[in-house]
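Read through the structure below, which is laid out as structure tokens, and then see the notes.
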Amino acid sequence: MSKSALVTGIMGQDGPYLAKLLLEKGYKVYGMIRRHSTPDYSNIEYLGIHNEIEYVEGDMTDEASLISIIKNIYPNEVYNLAAQSFVGNSWDQAKVTTEINALGVLSLLTALKFFSPSTRFYQASTSEMYGLSHTDGFQGEDTPFHPRSPYGISKVYAYWMTVNFRESYNMYASNGILFNHESPIRGIQFVTRKIADGVARIKLGMAKELRLGNLESKRDWGFAGDYVEAMYAMLQQEKPDDYIVATGQTHSVREFVIEAFKTVGITDWEKYVKIDPRFKRPAEVPALRGRADKAHTVLKWKPKTSFISLVSIMVEADLKRLKNIQKSNG
Ligand code: GDD
């Protein structure tokens with residue numbers, strides 16, 4: 001019999017990449033969606049897998065809905081990718097961020113504990129938990145957490161709850177501590193996609209400027225398609241554990257901007273970029289750079305996509321998308 005997996009957050013960026021990988025491995029994939037009058041399947045359609053997923057309705061803030069799903073399908077694996085994942089919004093919506101990202105995880109773990117305790121559980125943890133903290137310029141599994149946003153704080157709670165279910169009830173529950181990972185289906189509010197889309201618009205004469213916040217913050221950016229392989233590998237180990245997934249390289253937002261403009265042949269990028277305080281955060285995470293040695297050794301995982309290829313994949317995808325829009329508008 002083929003294995004089954006429940007993926008929460010199936011409509012986001014990582015859900016479709018992970019679902020595609022699981023389908024290729026022969027899994028039956030259930031995708032949890034919230035009730036919407038008009039659900040947006042565009043990311044799933046982008047990867048061409050819409051018809052292969054079985055959708056189940058549920059909400060991280062509604063424990064009964066999670067119990068009902070778990071009791072109906074008894075999945076072999078659960079990948080919890082559902083979240084209010086935009087750090088910038090989390091100050092204005094701290095409570096709902098906490099309800100989804102922290103208490104939602106408690107509810108899901110509780111549902112598994114009572115109704116399907118042998119299910120393997122993956123929690124989408126994040127480098128945002130480190131915030132200000134680093135060890136010689138890197139963040140490793142042993143670096144202490146110092147979150148800088150309500151989002152980061154909610155994720156620290158979920159991280160420890162995952163560890164606690166593992167230690168208290170002997171459940172197979174693992175945390176993937178993923179550093180920033182991007183793709184053409186990244187939400188438009190995240191800085192990489194905002195830059196890719198903005199640069200493509202400027203190139204095509206559809207926009208005159210790109211408004212951004214802090215250009216100096218540094219991130220360890222990888223490709224989402226590579227990172228879902230590490231998620232999968234984490235649940236195939238003999239024992240549950242927590243792993244950093246990162247490239248080990250860091251670049252500033254400014255470098256991303258320069259590289260994106262370079263992709264379309266524009267060198268005088270400063271003419272187009274305007275700094276807008278609305279996109280600055282009350283507390284910033286200045287620099288992230290992950291040390292993924294454990295993932296290299298134990299999971300045999302390595303990133304395949306370089307920073308420069310990532311930027312060009314994203315800008316080219318937005319150019320293509322926008323050209324199609326221009327064409328269909330005549
Ligand atoms: N979004 C955004 N918009 N960010 C900007 C802008 C802007 O106009 N200008 C500068 N930035 C800076 C932010 O201040 C931040 O330092 C950096 O760009 C990256 O911002 P995001 O792309 O929004 O991502 P993030 O690093 O805050 O969070 C992402 O990565 C985490 C893992 O480290 C999200 O995917 C989180 O969900 C994830 O956990």
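For ligands, and for the atoms within them, numbers begin at 1 and follow the listed sequence. Both backbone and side-chain heavy atoms feed into the values below; hydrogens, waters and symmetry mates do not. Since we're looking at a predicted model, the values are computed, not measured.
Set against the non-hydrogen atoms of N214, the atoms of ligand 1 under 4.0 Å away are 9 (N), 10 (C), 11 (N), 12 (C). For ligand 1 and V253, the ligand atoms under 4.0 Å from any heavy atom of the residue are 12 (C), 18 (O). Remark: ligand 1 atoms within the under-4.0 Å shell around heavy atoms of R186 are 29 (C), 34 (C), 35 (O). Heavy-atom proximity to S127, at under 4.0 Å, picks out these atoms of ligand 1: 32 (C), 33 (O). If you number the atoms of ligand 1 from 1 as listed, the ones under 4.0 Å from a heavy atom of S217 come out as 12 (C), 15 (C), 16 (O), 17 (C), 18 (O). Remark: ligand 1 atoms within the under-4.0 Å shell around heavy atoms of T126 are 31 (C), 32 (C), 33 (O), 38 (C), 39 (O). Against a heavy-atom cut-off of under 4.0 Å, E284 is close to the following atoms of ligand 1: 13 (C), 14 (O), 15 (C), 16 (O). When each atom of ligand 1 is checked for a heavy atom of S85 under 4.0 Å away, the hits are 34 (C), 36 (C), 37 (O).
In this model, no donor atom of one side chain and acceptor atom of the other lie less than 3.5 Å apart for Q123 and N175. D220 and T250 share no donor-acceptor pair across their side chains, judged by distance under 3.5 Å alone. At a cut-off of 3.5 Å, with distance as the only test, no side-chain donor of N101 or T97 sits close to an acceptor on the other residue. Looking only at atom types and distance, the side chain of Y27 has a donor-acceptor partner in the side chain of E77 under 3.5 Å away.
No N or O atom of F86 sits closer than 3.5 Å to an N or O atom of ligand 1. Residue V87 has no N or O atom closer than 3.5 Å to an N or O atom of ligand 1.
Cation-pi check for K194 over F279 is met; the charged atom lies under 6.0 angstrom from the ring centroid and within 45 degrees of its normal.
Nearest non-hydrogen protein atom to atom 11 (N) of ligand 1 is V191 CG2, 3.7 Å. Regarding atom 38 (C) of ligand 1, its nearest protein heavy-atom neighbour is Y151 OH, 3.5 Å. Annotation: atom 9 (N) of ligand 1 to nearest protein heavy atom, G213 N, 2.8 Å. The single protein non-hydrogen atom nearest to atom 30 (O) of ligand 1 is N180 ND2, 3.1 Å, given as residue, atom name and distance. The shortest contact between atom 7 (C) of ligand 1 and any protein heavy atom is with K194 NZ, 3.7 Å.
Closest approach of A102 to S154, counting heavy atoms only: CB-O, 3.7 Å. Minimum heavy-atom separation, L288 to E128: CD1-OE2, 4.3 Å. In terms of heavy-atom proximity, R289 sits nearest to Q249 at NE-CA, 4.1 Å. The shortest heavy-atom contact between S174 and P240 is OG-CA, 3.4 Å.
Looking at L212 against ligand 1, both its backbone and its side chain come within 4.0 Å, counting heavy atoms. Heavy atoms of K280 found under 4.0 angstrom from ligand 1: none, in either backbone or side chain. By the criterion of a heavy-atom distance under 4.0 Å, neither the backbone nor the side chain of K218 is placed next to ligand 1.
Y227 pairs with exactly one of F179, W301, Y232 by the ring-ring contact (aromatic ring centres under 6.0 Å, His included) rule, that one being W301.
Note on K302 versus D226: no salt bridge recorded, every NZ/NE/NH1/NH2 to OD/OE distance being 4.0 Å or above.
Using bins of under 30°, 30° to 60° and over 60° for the plane-to-plane angle, the ring pair F86/F190 lands in the perpendicular bin.
Between the choices R281, Q13, Q189, R193, the shortest heavy-atom distance to atom 13 (C) of ligand 1 belongs to R281.
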